[in-house]
Number of protein chains: 2
Amino acid sequence: MAATIKDIARVAGVSTATVSRVINNLGGYNEETEKKVMAVAKALGYRKNENARSLVQKSTNTIGVIMPDVTTAFYGDIIKGIEDTSYEHGYSVILTHAGSHGSRIHESMNLMGERRVDGLIIVSVELHETAIEALTSLGIPFILLSTKTNREDTPYIKVDDYSAAYTAVKYLIDNNHRSIGMAGANPDDSIAGSPRINGYTQALLDHGIKVDLNLIKPGGFSFESGKTAMQAFIEDEASITAVFCASDEVALGIMSTCFENEISVPNDISVVGYDNSKVSHMSIPPLTTVAQPLYEMGREGCLEVIAAIQNKCKIESKVIPHELVVRKSVKKLT
Amino acid sequence: MAATIKDIARVAGVSTATVSRVINNLGGYNEETEKKVMAVAKALGYRKNENARSLVQKSTNTIGVIMPDVTTAFYGDIIKGIEDTSYEHGYSVILTHAGSHGSRIHESMNLMGERRVDGLIIVSVELHETAIEALTSLGIPFILLSTKTNREDTPYIKVDDYSAAYTAVKYLIDNNHRSIGMAGANPDDSIAGSPRINGYTQALLDHGIKVDLNLIKPGGFSFESGKTAMQAFIEDEASITAVFCASDEVALGIMSTCFENEISVPNDISVVGYDNSKVSHMSIPPLTTVAQPLYEMGREGCLEVIAAIQNKCKIESKVIPHELVVRKSVKKLT
DNA sequence: ATGCGTAACGTAAACGTTTACGTAATACTC
DNA sequence: GAGTATTACGTAAACGTTTACGTTACGCAT
């Protein structure tokens with residue numbers, strides 16, 4: 001159906017080699033043939049076949065992205081960072097979900113392998129030993145974004161969750177809060193869960209505040225998780241004046257339940273989130289949150305794997321600085 | 001580097017044809033050879049090369065998705081719908097942005113063509129004549145989501161923006177609002193802009209309410225657009241009691257500026273949004289909005305193009321029903 | 001006249017599959 | 001025991017490119 005370089009060659013009366021040369025303008029032909037070939041190509045509506053090209057070149061100019069679930073604002077920014085920079089460098093991105101708890105991770109990686117992506121970016125998925133094996137066995141550059149493993153040979157870009165949580169909670173303490181809850185972190189999540197909990201508890205301890213385990217409401221990073229956490233606080237009649245949330249969406253859930261129960265944020269209770277995703281400045285009140293530079297993480301990670309693809313160099317792990325973005329959801333107590 | 005079927009064939013002492021047969025289990029071999037081949041494949045860490053496969057089969061099992069900007073919650077739901085169903089049917093999705101105003105649309109389509117995607121889904125991009133030409137010239141099934149063209153041969157799935165806007169505004173009128181603003185629609189956008197404005201004005205006219213052009217604040221679908229619209233209303237000292245927004249994010253922008261100016265939603269002013277994206281139930285107060293079934297649109301559109309790919313049938317355009325989701329951002333006036 | 005360099009191509013193999021077709025051996029039919 | 005199916009393969013072409021290598025023709029120096 002579609003025209004091939006053979007068709008062009010036949011019509012233009014040259015060889016396929018020459019056609020290939022002018023199309024990729026490699027030189028080695030005179031102006032006349034160039035014009036003729038180009039004209040024929042246009043006339044035939046030629047469009048090069050990247051797959052055939054990939055076959056012989058052993059590289060697909062494609063980078064794969066695996067994320068658990070694309071529905072949250074969190075991933076939107078990251079993927080935009082990835083897609084923008086891969087586009088700039090002539091790479092296409094092929095995307096797949098790893099399922100909500102990474103349930104599809106093996107199929108995903110297999111798919112990426114069969115598609116022969118040149119590099120791989122994995123976002124926020126917790127990888128277990130077998131997954132890591134499968135990943136490294138692909139033999140292509142990869143990087144983890146906003147996650148890591150306990151092995152040294154898996155490069156990642158992320159913030160230091162422990163100290164990010166620490167600064168968030170310290171900020172609350174500096175605002176004279178003493179009874180601070182925590183919501184939305186899963187203690188079994190050794191990457192993004194327990195470090196944040198540990199940062200939270202350590203900040204309390206360092207400032208002479210006893211840790212009350214009842215004030216830690218575990219859960220996922222979702223809006224609903226925040227809602228149920230706040231409901232639990234209310235049922236407990238907990239006397240908290242602030243809550244630190246493991247994600248912005250959790251914070252919105254907290255604030256939403258507060259609203260339903262006529263608890264004012266930040267007058268009755270202060271809230272700080274985590275991520276600085278797009279929703280954080282759209283909330284009412286605007287959310288004070290600790291920022292992960294999501295777009296930049298996507299961009300940076302993408303640049304790293306492209307560099308690794310092209311120069312065959314190792315990718316270094318990188319801990320990027322977090323930053324507290326102060327908005328209006330925290331009240332200074334007197 | 002990576003093992004091929006030739007390697008397997010050599011080691012297992014059979015032909016590549018046989019290897020191919022057992023790998024795709026097509027039958028035509030006995031159990032022993034099957035086991036041997038499988039064992040060798042495993043031992044060599046064989047992974048099939050989808051690109052080579054695509055070359056001879058003239059189909060890539062890939063569907064392309066083009067969207068203007070993936071950063072808003074709106075697209076998150078749609079793309080999840082697409083990815084889920086394409087995965088279920090054994091297709092991969094390759095994603096690209098068309099730039100903020102479709103500026104990259106030609107490059108995007110070209111890329112999809114060169115990758116030989118089997119089908120194409122275009123989300124929310126307004127297509128002009130040359131783009132439509134380029135699109136149809138690809139010769140593959142495609143569908144537009146949440147957008148359309150003025151030509152009949154470009155199938156789409158979308159809600160009826162005119163009547164969706166109409167019902168939203170009628171709902172406000174039924175709640176005794178008479179002075180109703182509109183924000184965030186671009187009148188030059190003939191797909192999602194002017195129809196919503198027309199629905200808005202017609203609803204007013206049908207209920208004997210004069211249309212005041214000063215109450216229509218044009219803009220984009222963004223949060224910022226909502227904020228500036230509300231600021232304009234305030235500067236105008238407009239006596240509106242409600243505002244209909246062209247998107248949920250615009251509505252959040254309106255509510256945000258209201259909050260800053262101590263205008264209470266819904267007590268002082270009622271707000272209704274558009275999309276029913278994830279943010280709409282996370283807002284304070286929860287947003288009454290007219291729902292586009294985003295996830296289902298993604299799923300449905302994906303199913304259509306897969307059906308078209310496999311059965312070579314035409315895709316029919318489909319106007320799907322909208323629905324008013326009543327939450328807490330509208331107050332009934334007495 | 002010889003040699004050499006170079007520009008402008010063409011030839012053909014290679015990439016990793018699939019698949020139409022051929023073939024040998026065995027089983028079955030009557 | 002001749003003919004016919006069937007099973008279980010192998011052969012080789014094809015998919016659309018790229019590219020190493022060969023070839024021609026010409027220009028130019030000696």
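Hydrogens, waters and symmetry mates are skipped; everything else that's a heavy atom, side chains included, is used. Chain identifiers are assigned alphabetically (A, B, ...) following the order of the sequence lines, protein sequences preceding nucleic acid strands; residue numbering begins at 1 within each chain.
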Specify the separation, in whole Å, of atom CG of A:N49 and atom C1' of C:dC15. 13 Å
Write down the distance between CZ (A:R115) and P (C:dG16), rounded to a whole number of angstrom. 17 Å
Go through the N and O atoms of the side chain of A:R21 and the base of C:dG10, and report whether any donor-acceptor pair is under 3.5 Å. yes
Considering only heavy atoms from C-beta outward, does the side chain of A:T147 approach that of A:V125 to under 4.5 Å? no
Interatomic distance, B:R53 CZ vs C:dG16 C1' [rounded to whole Å]: 12 Å
Separation of D:dT17 atom P from B:N51 atom CG, nearest Å, is 14 Å
For B:Y295 and B:D84, which I'm curious about, is there any donor-acceptor pair between the side chains at under 3.5 Å? yes
Could you please spell out the steps behind the salt bridge (Lys or Arg N to Asp or Glu O under 4.0 Å) verdict for B:D7 and B:R10? CA-CA 5 Å; B:D7 299 324; B:R10 187 165 28 79; 2.8 Å; yes
Let's see if you can work this out: which of C:dT18, D:dT17, D:dT18 has an atom nearest to the side-chain heavy atoms of A:S20? D:dT18
B:S15 side chain N/O closer than 4.0 Å to the phosphate oxygens (OP1, OP2) of D:dG10? yes
What integer distance in Å separates B:R10:CZ from D:dG10:P? 15 Å
Touch class at under 4.0 angstrom, heavy-atom based, for A:T18 against every strand present: sugar-phosphate
Could you state the NZ-C1' distance from A:K48 to D:dC15, rounded to the nearest angstrom? 18 Å
Measure from the side chain of A:A17, starting at C-beta and using heavy atoms only, and say which of C:dC15, C:dG10, D:dC9 lies closest. C:dG10
Per nearest nucleotide of DNA chain C, the residue lying toward the 5' end, A:E34 or B:I5, is A:E34
Indicate whether the side chain of B:S54 and that of B:R116 have a donor and an acceptor atom separated by less than 3.5 Å. no
Nearest-Å distance for atom pair CG/P, residues A:N25 and D:dT18: 12 Å
If you measure from CG on B:L138 to CZ on A:R47, what distance do you get to the nearest 0.5 Å? 5.0 Å
Could you check how far CG of A:L55 sits from P of C:dG16, rounded to whole Å? 7 Å
Considering only side-chain heavy atoms of A:T33, which listed nucleotide, C:dC9, D:dG10, D:dT18, is closest? C:dC9
Is any side-chain N or O of B:K58 closer than 4.0 Å to OP1 or OP2 of C:dT18? no
Of B:T16 and A:R47, whose nearest nucleotide on DNA chain D comes first from the 5' end? B:T16
